[in-house]
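Down below is the structure, laid out as C-alpha cells.
Ligands are counted one by one from 1 in listed order, and the atoms in each one are counted from 1 as well.
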Amino acid sequence: MTRLIFLGAPGAGKGTQAQTLAQEQSIPHISTGDILRNAVANQTELGLKAKSYMDAGELVPDQLMLDLVRDRLSSEDTKTGWILDGFPRTVGQAQFLDTLLSEIQQSCSHVVNFDVPDEVLVSRLLGRGRVDDTEAVIRNRLEVYREQTAPLIDFYSDRGQLVSIDGSQEIDVIASTLRQTLKLQS
Ligand code: AMP
C-alpha cells in the first residue's frame, strides 16, 4: 500500500512529483494547498477564513486544517493509498496525523523529504507566478517553512521513516530517483 507524506519547502517540487506519482499509482494526491485554493476560489466558509493567511504566506490555523484532513483521509477513495502533499506542516499537525492514522487503522509507508537549496527555491517560486508568489510573500513562506515545518525532518528521521531526495535535479531525474528509492514500478 502506497501511503506517502511529501515534505519540502515551497518550490521544492513536491506537488509536481506527487501529482504524477499519484496518477501512476491510481491513488489520490491530497494537496492541502490545492484544497484551500479551491475553497478560496469558491468562496466557501473555509476559503473566506483561510484567504488572509495564504495571501500573507502564513500557515492557516490548525483548527481549520485538522477537520479538513480528517474528512479527506476518511473518504472512500483513500482506501487504496494516498500521497499527502503540504500536510503536516508543523509538529502539532504531525502528532494529530499520527493519532488520526491509528484511529482509522492506517500507517504511512514513507516520508519523502525533497531537499533543495534556498537560491533554487527562490528562483523557482519567482518563476511560477502564482498569486501568493510575490517576493515578500515568498520570503515569508520560506521563513515559516524553516521555523515551523523543517523540524519535521528530524521528527520523522528520528523514527526511521524519512527518505531524502535531491530535489534540485531535473524533474524526470527526481521522478526516477523517487521511484527507485520507494521501490515502485512506474
Ligand atoms: P502550498 O500549495 O502547499 O504551498 O500551500 C499554499 C498555502 O496554503 C500555504 O502558504 C498556507 O497558507 C496554506 N497551507 C497549505 N497547507 C497547509 C497546512 N498543512 N497548514 C497550514 N496552512 C497550510
Side-chain angles (χ1 to χ4, degrees), residues 3-22 28-75 78 82-101 108 111-116 118 120-153 155-156 161-162 165 167-168 171 174:
R3 296 191 186 113
L4 302 170
I5 294 171
F6 280 11
L7 276 185
K14 60 190 184 333
T16 308
Q17 296 296 333
Q19 197 176 1
T20 51
L21 187 61
H29 166 208
I30 303 175
S31 156
T32 46
D34 284 351
I35 295 172
L36 291 169
R37 276 185 290 279
N38 268 328
V40 171
N42 294 321
Q43 301 188 325
T44 65
E45 200 183 327
L46 169 68
L48 295 174
K49 287 181 181 153
K51 187 176 187 305
S52 59
Y53 299 97
M54 296 173 75
D55 287 347
E58 296 290 334
L59 294 185
V60 171
D62 278 0
Q63 183 200 339
L64 298 175
M65 297 309 301
L66 305 188
D67 283 347
L68 180 163
V69 169
R70 184 186 291 107
D71 285 354
R72 188 64 191 88
L73 280 181
S74 308
S75 39
T78 58
W82 39 258
I83 301 177
L84 264 182
D85 160 19
F87 190 95
R89 252 183 162 92
T90 63
V91 171
Q93 290 183 2
Q95 287 163 340
F96 162 85
L97 184 62
D98 273 351
T99 311
L100 173 65
L101 291 179
C108 150
V111 180
V112 183
N113 177 44
F114 293 86
D115 196 20
V116 180
D118 272 11
V120 178
L121 293 174
V122 174
S123 80
R124 280 186 188 171
L125 289 168
L126 282 172
R128 195 160 74 168
R130 214 167 72 183
V131 277
D132 59 346
D133 283 344
T134 62
E135 197 166 346
V137 173
I138 287 172
R139 229 177 288 122
N140 195 37
R141 294 174 78 215
L142 289 176
E143 185 79 25
V144 167
Y145 166 77
R146 237 172 264 120
E147 281 176 9
Q148 304 197 54
T149 309
L152 290 179
I153 297 172
F155 179 91
Y156 286 117
Q161 280 184 294
L162 194 86
I165 288 197
S168 64
I171 290 180
I174 303 171

What residues come within 4.0 Å of ligand 1, counting heavy atoms only?
T32, G33, L36, R37, M54, E58, L59, V60, M65, G86, F87, R89, Q93, R130, R141

Indicate every side-chain donor-acceptor pair of residues 33-41 with a distance under 3.5 Å to a residue at least two apart or in another chain.
from : atom 1 : to  : atom 2 : distance (Å)
D34  : OD1    : R37 : NH2    : 2.8

Donor-acceptor pairs under 3.5 angstrom involving side-chain atoms of residues 48-60: please list them, not counting sequence neighbours.
from : atom 1 : to   : atom 2 : distance (Å)
K49  : NZ     : E45  : OE2    : 3.1
K51  : NZ     : D55  : OD2    : 2.7
E58  : OE2    : N140 : ND2    : 2.9

Just to verify, what does D67 make a side-chain contact (heavy atoms from CB on, under 4.5 Å) with, not counting sequence neighbours?
R70

Just do the salt bridge (Lys or Arg N to Asp or Glu O under 4.0 Å) check on R139 and E135 with the steps written out, would you?
CA-CA 6 Å; R139 229 177 288 122; E135 197 166 346; 3.6 Å; yes

Working to the nearest 0.5 Å, report the span between CD1 of I171 and CD of Q17.
7.0 Å

Taking the side chain as everything from C-beta on, heavy atoms only, tell me whether R146 gets closer than 4.5 Å to D118.
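They are in side-chain contact.
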
